[in-house]
Q: 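Next up is a structure, given as structure tokens.
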Amino acid sequence: MSTTHRLMTIVVMFVSVSLSSQFAPSTVLGGATVQRRARLGAVPVISNWKVTKSTTIEGLISKHPTIKDGEKVTTSKISSKTIKENVIVETVSGSKYKLGQARKGG
């Protein structure tokens, strides 16, 4: 293998790693940094939820890659116009959550 060919191989490998890093944004929720997985169909679910005065959602999380099922979470501000059961909402930071059953009476 020539020096030029080896150099081109290294450059291609570097570009591949750089590009894959750019397309894997992170999200912070409850202090945990995680790969955003909504684009892969793995949208965490928030149940027993309510919308706060500051337009965040408080509830119990499940199906999250790093947060234990049943943990209480508060999202960042919701940017979605529709906030109701069985809808996927998006936060201003780009995280996506499916809303399960809303909290009764509150």
Side-chain angles (χ1 to χ4, degrees):
M1 182 183 285
S2 71
T3 304
T4 303
H5 189 252
R6 247 183 267 143
L7 181 58
M8 287 175 54
T9 302
I10 292 170
V11 169
V12 168
M13 289 170 48
F14 175 75
V15 170
S16 293
V17 170
S18 295
L19 287 175
S20 65
S21 298
Q22 289 177 354
F23 292 104
S26 295
T27 298
V28 174
L29 173 69
T33 302
V34 299
Q35 295 295 319
R36 195 175 330 139
R37 299 172 71 176
R39 67 189 177 283
L40 301 175
V43 180
V45 176
I46 299 178
S47 58
N48 195 27
W49 58 270
K50 72 173 187 173
V51 180
T52 67
K53 292 178 184 177
S54 57
T55 324
T56 63
I57 292 179
E58 291 180 355
L60 305 177
I61 193 106
S62 62
K63 300 181 182 176
H64 193 279
T66 62
I67 300 174
K68 185 176 154 186
D69 285 358
E71 293 265 338
K72 184 178 178 185
V73 296
T74 300
T75 67
S76 56
K77 188 172 178 151
I78 301 298
S79 61
S80 299
K81 303 258 187 260
T82 304
I83 303 174
K84 64 181 185 178
E85 292 178 353
N86 297 314
V87 169
I88 294 176
V89 295
E90 187 168 357
T91 66
V92 294
S93 65
S95 299
K96 293 182 182 182
Y97 303 96
K98 181 175 181 181
L99 298 179
Q101 188 170 19
R103 186 174 302 166
K104 300 297 182 206

Q: So, do E85 and L99 sit near enough that their side-chain heavy atoms are less than 4.5 Å apart?
A: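 Side-chain contact under 4.5 Å: no.
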Q: How far apart are the closest heavy atoms of K96 and V43, and which atoms are they?
A: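 Looks like O-CG1, 3.5 Å.
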Q: Please identify each residue that fulfils side-chain hydrogen bond (donor to acceptor under 3.5 Å, both in side chains) with T82, with sequence neighbours left out.
A: none
Q: Side chains of I78 and V51, heavy atoms from C-beta outward: is any pair under 4.5 Å?
A: no
Q: For residues 53-63, dump all side-chain donor-acceptor pairs below 3.5 Å to protein atoms at least two apart in sequence or in another chain.
A:
from: S54; atom 1: OG; to: T52; atom 2: OG1; distance (Å): 3.2
from: T56; atom 1: OG1; to: T52; atom 2: OG1; distance (Å): 2.6

Q: Would you say V89 and V45 are hydrophobically clustered, going by side-chain heavy atoms of ILVMFWY under 4.5 Å?
A: no
Q: Less than 3.5 Å apart, any donor N or O on the side chain of S93 or S76 sitting next to an acceptor on the other?
A: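 On atom types as modelled, these side chains qualify, holding a pair under 3.5 Å.
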Q: As an exercise, state the distance from OG of S80 to CD of E90, rounded to the nearest 0.5 Å.
A: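 Answer for the OG-CD pair, S80 versus E90, is 6.0 Å.
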Q: If two hydrophobic side chains count as joined below 4.5 Å and joins carry through other members, does V73 share a cluster with I83?
A: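 The answer is yes; both residues are in one hydrophobic cluster.
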Q: Measure the shortest side-chain to side-chain distance between K98 and N86 over non-hydrogen atoms and say whether it is less than 4.5 angstrom.
A: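 A side-chain contact under 4.5 Å exists here.
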